Amino acid sequence: MALTGRAGLLALIGVFVVGLLLPSWQGILVLFGLLVLCVAVDLLLAAGVRRLTFSRAGATSVRTGEPCVVQLTVHNPGRRLRGVLRDAWAPSAGVVTDRVAVDVPAGGSRVLSFELRPVRRGDRAADRVTVRSHGPLGIAARQGSHVVPWTVRALPPFHSRRHLPPLLERLRELDGRRASLIRGAGTEFDSLRAYVIGDDVRSIDWRASARSSDVVVRTWRPERDRQVTVVLDTARTSAGRVDGALGGLPRLDTAMDAALLLSALASQARDQVDFLAFSQQVRASVPRATLPVLVQAMAPLEAELVEFDARGAVAEVLRRAGRRSLVVLLTSLEPSMEHGLLPLLPALATRHHLLVASVSDPAVHAMAAGRGDLESVYAAAAAERTLAERRRLTALLARHGVDVVDALPDDLPRALADRYLSLKAAGKL
């Protein structure tokens, strides 16, 4: 029960005025009696809320930051319902307006639409629906809550998809499907054709040229049907936030964006992509991943505050990848890598080609450039030490035959895709 409404306020003022016009003790009794009577009448005539039933329909998934609509249908088996309805969601669901006025006739129903704009990736669940039913006087109201379950999955936003057109153009150049003076060498023989100015003389097929009136060259195409295994580190270091054009996002979200761009590009290159999310155990696994399935698998993943089990991740990759593949490990360049990943590289490098991709913190680079005062100088020294440690780890991994991509959050997806195309053109997959 609740006292509510502008009409209710006016009624209370009227009752108070009547009470003032009578003697003190009589006015109090009359005031109290009239108030109780008004409240009782309002509650008696207000529509009940316990017998209301609800159903939902609408969106079940949406990209983070984009709008979607969920419909809530109110079924009223009793007398006419007039009041206010609140549809409560988790704050990160980004409900634009969660309170609406309702007027449902007796035995009828109403469909209410609520717009959501999730601000965080993951499953966003509805909490409960609360209805306040006003009486005709507007003095009091009945109120009750109902659990009406519904979940909207906020998918990774995939901001780096804007890089796909130029990357696919470069892929077509490598594949020989677009005219270009500079042709990707590739590693798989495609066909023979007449020599044109700009061709590499090393591609001339002298035996075929001897049998022809023209100089003939071999054409090659990039490797196809290769396996790319993407391993996403979801352990402690992936929870750290880094600044970028889209604000302070966890390293995990930036790594996901890079993984999505690489997977989309590799699929267009006719390579097989396998995805594995790992911390101390397998968090998600998608063999022969397609982009729609991959974003659904990534959406509910959150960083775990545990150490990354490099031995377990390498063992899982060796067990799953039966043939030689490009293993892309999206992790953080940390000193612990010397004792965790480096001892395992010989077993991994003999069967696969490893590429480590890491997100660099822009705040550290900004600190390294600071020279304004004594505090800035000390901060710059600490930042330079951190950057030097990352460069040392990069060189150490390179000596073991590991490719390393260390880039800022906004640059990592494109840098990783460019490195993949370079390895593909060089035939190192």
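This one's a predicted model, so the numbers in the text were calculated from it and none came from an experiment.
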Verdict with supporting geometry, Arg419 and Asp403, salt bridge (charged side-chain N to carboxylate O under 4.0 Å, His left out)
CA-CA 9 Å; Arg419 184 64 61 87; Asp403 279 294; 3.5 Å; yes

Any residue meeting side-chain hydrogen bond (donor to acceptor under 3.5 Å, both in side chains) with [X], in chain and number order, not counting sequence neighbours:
| X | value |
| --- | --- |
| Asp257 | Ser160 |
| Arg99 | none |
| Ser279 | Glu304 |

Practice prompt. Can you see which heavy atom on Ala321 is nearest to which on Arg351, and at what distance?
Written response: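 So the two residues come closest at O-NH2, 3.3 Å.
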
Subject >> Heavy-atom closest pair, residues Val62 and Pro67 >> reply: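 The answer is CG2-O, 3.7 Å.
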
Please tabulate, for side-chain N and O atoms in residues 357-364, each donor-acceptor pair with protein atoms closer than 3.5 Å (sequence neighbours left out).
residue, atom, partner, partner atom, Å
Ser358, OG, Thr331, O, 3.3
Ser358, OG, Leu333, N, 3.2
Ser358, OG, Arg390, NH2, 3.0
Ser360, OG, His365, NE2, 2.8
Asp361, OD1, Ala363, N, 3.0

Check your understanding: Using a distance-only test with no angle check, is there a side-chain donor-acceptor pair under 3.5 angstrom linking Thr234 and Arg283?
Key ->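 Looking only at side-chain atoms, Arg283 and Thr234 do form a donor-acceptor pair, the distance falling under 3.5 Å.
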
- For salt bridge (charged side-chain N to carboxylate O under 4.0 Å, His left out), just list the numbers for Arg82 and Asp103, CA-CA rounded to whole Å, side-chain angles, deciding distance to a tenth of an Å, and then say yes or no. CA-CA 5 Å; Arg82 287 174 295 186; Asp103 189 344; 5.4 Å; no

(Q) salt bridge (charged side-chain N to carboxylate O under 4.0 Å, His left out) for Arg172 and Glu169? Distances and angles first, verdict last. (A) CA-CA 5 Å; Arg172 283 191 287 270; Glu169 189 73 9; 2.7 Å; yes

| field | Summary of salt bridge (Lys or Arg N to Asp or Glu O under 4.0 Å) pairs that have at least one residue in residues 228-238, sequence neighbours excluded | value |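 Pairs touching residues 228-238 that pass the test: Arg236-Glu307.
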
- Which pairs count as salt bridge (Lys or Arg N to Asp or Glu O under 4.0 Å) when at least one residue sits in residues 332-349, sequence neighbours excluded?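 Qualifying pairs: Glu338-Arg392.
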
Tell me whether the rings of Phe54 and His146 are parallel (<30°), tilted (30 to 60°) or perpendicular (>60°).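 Correct class here is tilted.
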
field: Neighbour count above 12 (heavy atom, 6.0 Å) for Arg161 CZ
entry: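 Check passes, neighbour count above 12.
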
